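Positions are given from 1, in the same order as the sequence printed here. What you are looking at is a predicted structure, and each value in this text was computed from that prediction instead of being measured. In each ligand, atom 1 is the first atom listed, and ligand 1 is the first ligand listed.
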Amino acid sequence: MTGKVWLVGAGPGDQGLFTIKGLEVLQNAEVVVYDALIGDAVLSLIPDQAEAINVGKRAGNHRMTQEQINRTLLEQALAGKRVVRLKGGDPFLFGRGGEELELLAENDIPYEIVPGVTSAFAVPAYNGIPVTHRDFTSSVHIITGHRRSSGNTHSVGRAEVSRNLNAPGNAGSLSDPDGLGIDYEALVRTKGTLIFLMGLSTLPVIMRGLLDAGISPDTPAAVLERGTTAGQRRVLATVASLEEESGRAQIKAPAIIVVGEVCRLADTFAWVEKLPLGGKKILLTRPKELISGMAGRLRKMGAEVLEMPSIETVPIKPDPVLDECFKKDPDGSCEPWTRAGRIDWMVFTSPTGVRIFMDWFLSDHDIRALAGIRFAVIGEGSAKKLRQYGIRHDFMPTIYDGETLGRELAQKIRMERSGESGWSEEPKSPQTRVRVLIPRAAIGSRELVEELEKAGDIDILDIPTYTTEYVNRGIVDVREQIEKGEIHYAVFTSASTVRGFSAVMKDADLSRIKAICIGRQTRAAARAQGMETRMAEKATLDALLEAVVQCAAEDRT
Ligand code: SAH
């Protein structure tokens with residue numbers, strides 16, 4: 001059976017500007033063929049099981065010719081795949097979307113188009129520039145500032161044009177002296193807003209063309225770099241001074257040029273930088289349970305959020321100690337407190353730990369077999385997860401970290417032993433030793449166990465039930481971004497995540513990012529990797545968010 005191709009606009013960068021339809025289609029894709037200029041956060045939505053093919057072109061480094069791209073789409077569709085062709089902005093605006101459809105149409109491949117938010121309008125909007133305004137202009141024009149190069153043309157007529165352009169000095173014809181094919185006089189006559197895409201390298205030529213066509217040199221003009229991302233920058237000048245100002249600011253592609261009175265409004269209407277986290281790029285590392293909800297809240301405050309997409313929790317099983325603890329009688333019943341050593345306490349140090357244990361346990365046991373065991377959790381997240389399985393925790397420390405959990409739980413156990421506690425229920429059997437089962441991550445912190453041991457007469461079963469594995473798919477080059485200083489903060493919720501993350505980043509210089517951490521162990525692990533750190537007051541999303549906002553406020557001053 002033939003597959004199908006969806007030509008999807010990814011928007012200008014900000015994940016929130018990716019359409020709902022685009023997202024639905026992407027989540028269903030088996031193959032994703034994507035360009036450069038797709039926002040990282042949109043790329044991280046590519047499903048893990050989809051094959052991701054990068055055909056992005058970076059300056060001077062063509063990964064695939066247009067023809068090869070067209071053929072790839074055809075081949076994948078003929079192989080029966082659901083193919084998403086993900087393109088920056090809107091697929092039909094200077095995106096060669098039309099060319100990519102030709103071969104599909106010829107071969108009767110079904111396709112759909114999902115338009116996208118174009119950078120031509122979104123980037124000015126994110127800089128406080130309305131592309132039209134009744135007081136200034138009644139039309140807007142979008143123009144490409146790109147010179148056609150040879151080799152990418154596919155019809156005779158275009159090939160001829162391209163030969164002209166590649167004549168020495170790009171002389172072009174009389175009516176097209178600079179080879180850009182722009183009718184400057186017509187543009188100037190419209191008195192409309194002019195928006196140039198792909199025009200950064202030809203900016204001087206374009207400004208000259210407009211001036212020669214009689215535009216006032218004082219006409220406001222702007223160049224807007226990497227709009228809608230945390231890296232967005234703008235230079236406001238005039239047609240006469242834009243080249244110099246843009247050069248001074250070292251503006252780099254991707255950037256758009258806007259010419260017209262509306263550029264003046266940026267000073268009044270600019271809004272992104274007023275958001276608490278405007279201009280900040282934040283890396284979120286999983287485990288997902290604690291982090292879900294975090295990305296959305298950070299984005300609402302203006303941050304660009306990159307979720308490290310491929311950190312996986314892998315259960316370790318079976319574990320002989322766990323199996324023994326919860327071994328069933330031949331009649332199918334299972335009473336952990338009468339078996340080889342009863343269990344008095346179970347301690348959970350993460351929501352993931354709760355999930356992994358409970359899913360394992362319930363796959364073969366009845367929940368009532370846990371009756372009589374008391375549950376300690378490290379914090380709110382684990383407590384919430386436990387409640388989802390119908391269990392309320394008996395103990396939570398005052399500060400959400402392993403050391404405090406160990407110390408305060410040990411204290412409680414000691415008090416109960418000496419009869420000081422308010423715990424009314426009689427112990428199941430007279431006992432001196434208390435048994436504590438800790439099913440948790442393979443690289444859990446030592447402090448929890450050390451503190452518990454201080455209570456004396458405690459048997460601790462510290463069981464690794466899962467590992468956190470980092471699979472770097474390489475769709476987003478996080479490492480490169482860290483080295484370039486593009487990622488400002490990274491949020492870590494456990495020491496094991498810090499270590500796993502550092503391992504996958506190999507010898508990257510992590511001193512360039514500030515780690516926002518939950519708990520002292522996490523902070524210590526981040527420090528050990530050379531990161532600057534800040535610790536959230538508590539292990540809650542609110543506290544983490546507060547810490548991020550504080551960092552941003554400090555960095556601004
Ligand atoms: N189809 C795309 C445009 C493709 S041409 C769209 O609708 O947006 C590529 C050009 O788009 C770049 O050279 C640059 O001029 C512009 N562009 C795309 N994303 C941009 C961004 N985030 N900030 C500034 N310019 C951008």
Side-chain angles (χ1 to χ4, degrees), residues 7-19 22 33-43 55-62 66 69 84-101 113-129 131 140-149 152 180-182 193-203 205-207 221-236 242 246 249-259 263 266 270 272 278-279 281 304 306 476 481 486:
L7 196 55
V8 179
D14 182 349
Q15 192 193 56
L17 298 181
F18 187 38
T19 66
V33 180
Y34 66 97
D35 278 340
L37 289 194
I38 312 281
D40 295 337
V42 175
L43 288 179
V55 297
K57 299 162 201 137
R58 296 249 168 87
N61 171 21
H62 282 240
Q66 188 62 50
I69 295 172
V84 163
R85 172 71 176 111
L86 198 57
K87 300 175 79 76
D90 180 89
F92 279 174
L93 187 72
F94 303 138
R96 311 185 79 166
E99 291 165 53
E100 294 183 5
L101 292 184
I113 320 292
V114 183
V117 173
T118 177
S119 63
F121 296 156
V123 172
Y126 270 50
N127 281 281
I129 300 175
V131 291
V140 52
H141 310 268
I142 306 173
I143 308 115
T144 169
H146 183 63
R147 274 198 184 96
R148 265 187 170 282
S149 59
N152 283 334
L180 291 180
I182 298 173
T193 304
L194 309 179
I195 297 176
F196 296 90
L197 269 56
M198 296 182 280
L200 193 62
S201 59
T202 50
L203 188 146
V205 180
I206 295 169
M207 294 304 123
V223 49
L224 311 174
E225 180 188 301
R226 288 197 285 172
T228 84
T229 73
Q232 89 168 32
R233 293 199 297 156
R234 74 173 157 273
V235 168
L236 297 173
L242 192 63
S246 166
Q250 297 187 314
I251 294 292
K252 295 190 189 64
I256 70 169
I257 301 164
V258 184
V259 175
C263 292
V272 168
K281 187 160 190 174
E304 180 176 1
L306 182 54
V476 178
Q481 294 190 18
E486 288 173 2

Item to check | Those atoms of ligand 1 less than 4.0 Å from some heavy atom in R226 | outcome: 22 (N), 23 (N), 24 (C)
Checklist outcome for this item: heavy-atom search around atom 25 (N) of ligand 1 in the protein gives I256 CG2, 3.3 Å
Checklist entry - Do V123 and ligand 1 have an N or O pair less than 3.5 Å apart? => result no
Checklist entry - Which one of V258, I195, V123 satisfies the side-chain contact (heavy atoms from CB on, under 4.5 Å) criterion with V131? => result I195
Checklist entry - Atom CD in Q481, atom CG in D40: separation rounded to 0.5 Å? => result 4.5 Å
Checklist entry - Are the charged groups of R85 and E100 less than 4.0 angstrom apart, N to O? => result yes
Item to check | Interatomic spacing from CG in L43 to CD1 in I38 - rounded to 0.5 Å | outcome: 6.0 Å
Item to check | Close approach, P12 and ligand 1, non-hydrogen under 4.0 angstrom | outcome: yes
Item to check | ligand 1 contact on L224 by region, counting heavy-atom pairs under 4.0 Å | outcome: backbone
Checklist outcome for this item: of all protein heavy atoms, closest to atom 3 (C) of ligand 1 is L93 O, 3.5 Å
Checklist entry - Between V55 and Y34, does a side chain to side chain contact (heavy atoms under 4.5 Å, CB included) hold up when you go through it step by step? => result CA-CA 6 Å; V55 297; Y34 66 97; over 6 Å; no
Next on the checklist: What I want to know is whether T229 and ligand 1 share at least one N or O pair that is separated by under 3.5 angstrom.
Outcome noted: no
Checklist entry - For ligand 1, is any non-hydrogen atom under 4.0 Å from M198's backbone (N, CA, C, O), its side chain (CB onward), both, or neither? => result both
Next on the checklist: Between the side chains of R226 and E486, is the shortest nitrogen-to-carboxylate-oxygen separation below 4.0 Å, so that they form an ion pair?
Outcome noted: yes
Item to check | Protein residue, atom and distance nearest to atom 21 (C) of ligand 1, heavy-atom basis | outcome: G227 N, 3.6 Å
Checklist entry - Which value, rounded to the nearest 0.5 Å, describes the distance between I142 atom CD1 and L197 atom CG? => result 7.0 Å
Checklist entry - Any N or O on T118 sitting closer than 3.5 Å to an N or O of ligand 1? => result yes
Item to check | Under 3.5 Å: N/O of G88 near N/O of ligand 1 | outcome: yes
Checklist entry - What is the nearest protein non-hydrogen atom to atom 4 (C) of ligand 1, stated with its residue, atom name and distance? => result F94 O, 3.6 Å
Checklist outcome for this item: Output for pair (M198 CE, S119 OG), nearest 0.5 Å, gives 9.0 Å
Can you give each donor-acceptor pair under 3.5 Å made by side-chain atoms of residues 11-19, sequence neighbours left out, with the distance rounded to 0.1 Å?
residue	atom	partner	partner atom	Å
D14	OD1	G16	N	2.9
D14	OD2	Y126	OH	2.7
Q15	OE1	R299	NE	3.4
Q15	OE1	R299	NH1	2.8
Q15	OE1	R299	NH2	3.3
Q15	NE2	A41	O	2.9
T19	OG1	G22	N	2.9

Checklist outcome for this item: In this structure, atom 8 (O) of ligand 1 is nearest to the protein heavy atom S119 OG, 2.7 Å
Checklist entry - atom 14 (C) of ligand 1: which protein heavy atom is closest, and how many Å away? => result A255 O, 3.4 Å
